[in-house]
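Below is one structure, written out as C-alpha cells; comments come after it.
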Amino acid sequence: MKKNLKKLLASMLIVVAMSMFALPVLVNAQAQDISLEEIANTADIQQGDLNAIIGGILRVAMGFLGVIAVLIILYGGFIWMTAGGEQDKVDKAKKMIYAGIIGLVIIFAAYAIAMFVMSNLKSIVSGT
C-alpha cells in the first residue's frame with residue numbers, strides 16, 4: 001500500500017511540474033517577450049528609487065512564501081484524504097493545515113506592515 005501511495009504522489013508531482021511548463025504555452029502567455037534589460041530600464045529602477053526596488057523584492061519574497069504556505073495546506077489536505085481513517089494521520093494533516101493557515105496570516109501581516117513602513121518612509125524622506 002505504501003509503495004502505491006509513493007507512486008501516486010510521484011506521478012502527481014510530475015503532472016504538476018509538467019503543467020507548470022505546459023500551461024503558459026497553452027494560454028499563449030509567452031506572446032510578449034520582455035528581456036531583463038527592458039525590465040531593468042524601467043523608470044523607477046533607472047532613477048534608483050529605493051522604495052520601488054525594496055517593494056519589488058518584498059513582493060517577490062512574500063509571494064514565494066505564500067506559495068509555500070498554500071502548498072503546505074494542500075499537502076495537509078492530501079494527507080487527510082489519504083489517511084484512510086487513521087487518527088494519527090488525520091491529526092498530522094490537521095496540524096499541517098493549521099500551520100499553513102497561520103503561516104498565510106503571518107505572511108499577509110508582514111506584507112501589510114512592510115508596505116506601511118515603506119510608504120511612511122517615502123513620505124518622510126520626500127518631506128510630504
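Partners of Ile106 under the side-chain contact (heavy atoms from CB on, under 4.5 Å) rule, at least two apart in sequence or in another chain, are Ile102.
Between Arg59 and Tyr111 the shortest side-chain heavy-atom distance falls below 4.5 Å.
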Ignoring hydrogens and angles, write down the donor-acceptor pairs under 3.5 Å from the side chains of residues 86-94, residues two or more places apart or on other chains.
residue, atom, partner, partner atom, Å
Gln87, NE2, Asp91, OD1, 3.1

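Between the CD1 atom in Ile97 and the CD1 atom in Ile79 there is a gap of 9.0 Å [rounded to 0.5 Å]. The CD1 atom of Ile73 sits 10.0 Å away from the CE atom of Met96 when rounded to the nearest 0.5 Å. To the nearest 0.5 angstrom, Leu71 atom CG is 12.0 Å from Tyr75 atom OH. Considering CD1 of Ile107 and CG of Leu65, their distance stands at 5.0 Å, rounded to 0.5 Å.
Taking both residues in full, the closest heavy atoms of Leu58 and Ala114 are given as CD1-CB, 3.7 Å, listed atom of the first, atom of the second, then distance.
Cluster annotation: Ile101 and Leu104 are assigned to the same hydrophobic cluster (Ile/Leu/Val/Met/Phe/Trp/Tyr, side-chain heavy-atom contacts under 4.5 Å, transitive). Residues Leu74 and Phe64 do not share a hydrophobic cluster, defined by chaining ILVMFWY side chains whose heavy atoms lie under 4.5 Å apart.
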